[in-house]
Amino acid sequence: MKSEPNVYSIDDLEREKRTIWDGVRNYQARNYLQQMQVGDIAFFYHSNCKSPSIVGLMMIIEANLPDPTQFDPKSSYFDPKATVEHPRWFTVRVQYQEKFSQVISLTTLKTKFSGDELLIVRKGNRLSVIPVAEEIAHKIRLL
DNA sequence: GCCAACGTTGGC
DNA sequence: GCCAACGTTGGC
């Protein structure tokens with residue numbers, strides 16, 4: 001799961017302990033969010049920054065929540081076509097798990113994995129929520 | 001700041 | 001349904 005560190009970083013999550021992952025407005029990313037289940041582990045990825053990297057881990061503690069920002073006219077994520085009865089955007093609540101003592105940079109990931117193995121290293125990838133195969137995730141954690 | 005790679009929008 | 005125009009993402 002990607003976040004721009006100048007918007008919301010792993011340090012923010014460490015301080016707050018838990019947060020709702022709001023603001024995702026891409027249907028494919030939403031579909032991946034909806035597949036998540038309580039207890040699932042996710043990588044926290046810092047994007048659009050000096051050294052894009054996986055920086056830590058978090059756990060899904062609530063699944064399939066309507067993203068509240070879609071109902072808020074003052075939010076930049078407001079969606080006029082969404083209603084409380086028929087929400088359009090769903091997300092999860094996550095809990096801080098750990099911050100890696102050594103981050104795993106995109107550069108490193110590219111040397112270890114192909115675009116087929118790990119979508120984040122695939123050229124042109126822009127999805128902010130991306131599935132990682134169990135065995136690949138295991139290998140990443142051993143880096 | 002640049003630009004490739006998308007996704008979305010809207011005219012037709 | 002097609003596709004040009006436009007907006008956004010995100011690495012570099």
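Nothing here was measured: the structure is a model prediction, and the numbers come from that model. Per chain, numbering begins at 1; letters A, B, ... match sequence-line order.
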Colleague: Rounded to whole Å, how long is the line connecting atom CZ of A/R25 with atom P of B/dT9?
Modeller: 13 Å
Colleague: Between A/Y27 and A/K123, which is nearer to the 5' end of DNA chain B once each is assigned its nearest nucleotide?
Modeller: A/K123
Colleague: Taking only residues two or more places apart in sequence, or in another chain, which ones meet A/K50 in a side chain to side chain contact (heavy atoms under 4.5 Å, CB included)?
Modeller: none
Colleague: Under 3.5 Å between N/O atoms: give me all the protein pairs with nucleotides 10-12 of chain C, atom names plus distance.
Modeller:
unit_1 : atom_1 : unit_2 : atom_2 : d
C/dG10 : OP1    : A/K2   : NZ     : 3.0
C/dG10 : OP1    : A/R126 : O      : 2.9
C/dG11 : OP1    : A/Y45  : OH     : 2.7
C/dG11 : OP2    : A/N48  : N      : 2.8
C/dC12 : OP1    : A/K110 : NZ     : 2.5

Colleague: Please name all residues satisfying salt bridge (Lys or Arg N to Asp or Glu O under 4.0 Å) with A/R88, sequence neighbours left out, ordered by chain then number.
Modeller: A/D79
Colleague: Could you pull out all residues at least two apart from A/K99 that satisfy side chain to side chain contact (heavy atoms under 4.5 Å, CB included)?
Modeller: A/I10, A/D11, A/E14, A/Y96
Colleague: Report all side-chain donor-acceptor pairs from residues 129-138 of chain A shorter than 3.5 Å, counting only partners two or more places apart or in another chain.
Modeller:
none

Colleague: Could you list the residues that satisfy side chain to side chain contact (heavy atoms under 4.5 Å, CB included) with A/F100, not counting sequence neighbours?
Modeller: A/F43, A/I54, A/L57, A/E98, A/I104
